[in-house]
Amino acid sequence: MKTLDANIEKQPRTLLPENFTITTWDALQPYFEELQQRPVDNVAALEQWLKDVSELEAVISEDACWRQIRMTCDTTDKVLEEAFTYFCMEIEPKLRPYSDALNKKLLASEWLRDLDQELYNTYLRSVRNQVKLFREENVPLQAELSVMSQQYGAIAGKMTISVNGQEYTLQQAAKFLESSDRALREEVFGKNAARRLEDKTTLDNLYTKLVEKRDQVAKNAGFANYRDYKFEELKRFDYTKEDCFQFHAAIKEHIIPLVKTLQEKQRQKLGLEVLKPWDTEAEPAGVKPLEPFHTGEELVNKAIETFDKLGPFFGNCLRVMQQMGRLDLDSRKGKAPGGYNCPLAETGVPFIFMNAAGQMKDLTTMVHEGGHAVHSFLSHHLPLSAFKEYPMEIAEVASMSMELFTMDHWDIYFKDAEELRRAKLQQLERSISIFPWIATIDKFQHWVYEHPQHTVEERTTNWVNILNDFSTSVVDWTGWENYRAISWQRQLHLFEVPFYYIEYGIAQLGAIAMWKQYKENKQQALDNYVKALSLGSTRTLPELYAAAGIRFDFSPAYVKELATFVQQEIDKIS
């Protein structure tokens with residue numbers, strides 16, 4: 001692997017003063033006006049204009065990201081919530097028409113043909129798409145949607161339960177579901193379900209409003225439904241909704257039987273006649289749940305050591321983030337659920353947010369988000385911010401591949417050979433068992449937005465039907481049907497980032513292909529990984545996958561091929 005440096009130097013500004021910070025729209029507007037009015041009379045002037053547009057976009061993007069990061073780290077702080085809301089309602093709506101005007105100015109330039117077409121092709125395709133989708137009447141609706149979608153985090157962040165007299169967030173309490181004490185597991189599962197059911201109506205109402213407004217955005221832009229609109233907004237140029245339906249069918253045909261086998265193994269391992277939903281992650285009597293770390297600090301230090309083993313650059317990415325305070329890892333009350341890596345467009349060093357509680361899945365989340373962070377570092381050298389806005393279908397390859405690459409070095413977390421074997425086995429089983437949930441969430445979203453006028457009852461019925469489509473008969477939900485009927489409410493993507501979920505399935509296939517390549521030639525796989533991620537969004541998805549040495553393919557035959565490979569690897573260590 002070529003020598004890489006994770007220490008990013010912030011580029012000097014050429015448009016905005018170095019000490020400029022975003023306070024009001026009035027302070028920002030003159031810079032948009034100057035860019036809109038500036039003469040561009042040769043290709044060099046066009047390239048400088050593009051860099052200045054990029055600088056403005058990066059400063060605005062980073063400011064907005066920090067507002068969201070701070071709010072998700074503490075959903076109880078009204079000042080942080082108000083700062084985020086102010087940006088969504090008072091700044092973003094005013095800049096959208098200017099961004100559209102700048103896009104149109106770019107596309108009208110006679111010097112466009114003199115730009116490096118290989119470098120600019122995907123960017124210009126995206127700009128044309130933005131112009132096509134923009135509607136003035138959608139600006140206030142999109143502002144409202146930005147604020148409304150964040151209400152989910154505030155609602156979920158307040159959810160806690162009491163176990164043995166101590167209060168836990170739902171993320172923290174999940175560790176009890178790995179216990180060998182079945183009575184405790186059932187108790188915690190029941191409390192978790194009851195707590196979520198308390199907010200059932202609140203979340204139902206929120207989702208109904210989100211669907212209604214999203215549908216209006218699509219209709220305003222001339223689309224039959226929000227699904228068709230969102231596919232274009234997400235720049236899904238390289239696949240169609242029909243490809244997604246084919247993926248759903250492939251999961252049902254080739255993955256569900258493997259998941260059924262894994263669940264039967266779990267039932268037998270626990271010595272149970274019937275596997276209940278609180279048994280799926282449990283260990284048998286006498287076997288302690290895996291504890292790869294105890295604190296967020298320990299987690300990141302071990303992650304750095306693990307990444308160092310792959311290559312010094314990878315470890316240094318996390319080291320720089322640690323030094324700059326760009327990590328918030330431990331779960332706590334008032335913190336939004338989930339985990340993410342947030343790229344920060346101007347400074348280039350991203351932020352990792354998660355809800356760690358000492359579990360095996362937290363280790364997976366850490367190396368997953370660490371893979372995203374590496375992607376942020378590798379693409380930061382690109383000259384325009386837009387070049388770094390890579391598609392999620394390649395972004396998730398970056399993260400999911402890292403989950404599998406790092407397994408070679410998990411002895412840093414597990415000194416005991418048997419625990420290490422169990423950890424690897426859990427990871428490989430998860431790489432298969434995650435597919436049905438991805439297909440369920442994706443198919444559900446297609447139904448929701450194809451039928452935007454649906455009632456809550458219709459939504460519930462169709463959720464259960466779709467969930468049944470991608471479930472086995474092994475886990476017995478008798479007595480818990482009401483909770484199962486709202487289990488979609490656990491998925492924050494449905495509320496905050498609609499239609500962002502099939503990417504995990506596409507990318508999981510890509511990650512498995514990367515890991516297969518890694519097992520055949522580690523250095524070549526890592527070199528290809530770096531090469532592909534360094535391209536940002538300057539190539540199409542098939543080209544980015546090809547640069548990584550893999551295929552952009554989620555056909556039934558490819559799903560079967562890769563699933564069979566993982567199953568063979570599972571059999572080797574079972």
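- The cationic group of R236 lies under 6.0 Å from the six-membered ring centre of F231 and within 45° of the ring axis, placing it in a cation-pi geometry.
- Shown here are the ring pair (Phe, Tyr, Trp, His ring centres under 6.0 Å) partners of Y340, two or more places apart in sequence or in another chain: F353.
- Close placement of the F387 and Y120 rings is indicated, their centers lying within 6.0 Å of each other.
- Applying the side-chain contact (heavy atoms from CB on, under 4.5 Å) test to K516 and every residue at least two apart in sequence or in another chain returns E520, F565.
- Ring centers of Y501 and Y504: under 6.0 Å apart, within the cut-off.
- Classification of the F499-Y449 ring pair by plane angle, with boundaries at 30° and 60°, yields tilted.
- Partners of N103 by side chain to side chain donor-acceptor pair (under 3.5 Å), not counting sequence neighbours, listed by chain and number: Q130.
- In this structure, CG in L50 is found 10.0 Å from CG in L35, a value given to the nearest 0.5 Å.
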For residues 388-395, run the donor-acceptor check on the side chains, cut-off 3.5 Å, and write out each pair with its distance to 0.1 Å, sequence neighbours left out.
| unit_1 | atom_1 | unit_2 | atom_2 | d |
| --- | --- | --- | --- | --- |
| K388 | NZ | H380 | O | 3.4 |
| E393 | OE2 | Y239 | OH | 2.4 |

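- In this view, H372 and H368 satisfy the ring pair (Phe, Tyr, Trp, His ring centres under 6.0 Å) rule, not counting sequence neighbours.
- Listed by chain and number, the residues in a ring pair (Phe, Tyr, Trp, His ring centres under 6.0 Å) with W111 amount to none (sequence neighbours excluded).
- The side chain to side chain donor-acceptor pair (under 3.5 Å) search around R125 returns none, not counting sequence neighbours.
- Residues in residues 330-341 take part in these salt bridge (charged side-chain N to carboxylate O under 4.0 Å, His left out) pairs, two or more places apart or across chains: E167-K333, D328-R332, D328-K335.
- Ring orientation note: the planes of F444 and Y207 are close to parallel, at an angle under 30° on the 30°/60° scale.
- Pairs passing the ring pair (Phe, Tyr, Trp, His ring centres under 6.0 Å) check and including a residue from residues 523-548, sequence neighbours excluded, read F405-Y529, Y545-F552.
- Counting only N and O atoms by type, the side chains of T85 and E82 include no donor and acceptor under 3.5 Å apart.
- Pairs engaging residues 36-93 under the ring pair (Phe, Tyr, Trp, His ring centres under 6.0 Å) rule: W66-F351 [sequence neighbours left out].
- Under a cut-off of 6.0 angstrom, the local environment of CD in E118 is sparse, with at most 12 non-hydrogen atoms contributed by other residues, nucleotides or ligands.
- Between Y98 and F32, the ring planes lie tilted relative to each other; the angle falls in the 30° to 60° range.
- Residues passing the ring pair (Phe, Tyr, Trp, His ring centres under 6.0 Å) test with Y152, sequence neighbours excluded: F495.
- Heavy-atom minimum distance, N341 versus P350: OD1-CB, 3.4 Å.
- S149 meets the side-chain contact (heavy atoms from CB on, under 4.5 Å) test with L210, R214; sequence neighbours excluded.
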Worked check of salt bridge (Lys or Arg N to Asp or Glu O under 4.0 Å) between D308 and R319: CA-CA 10 Å; D308 277 338; R319 201 171 276 111; 2.5 Å; yes
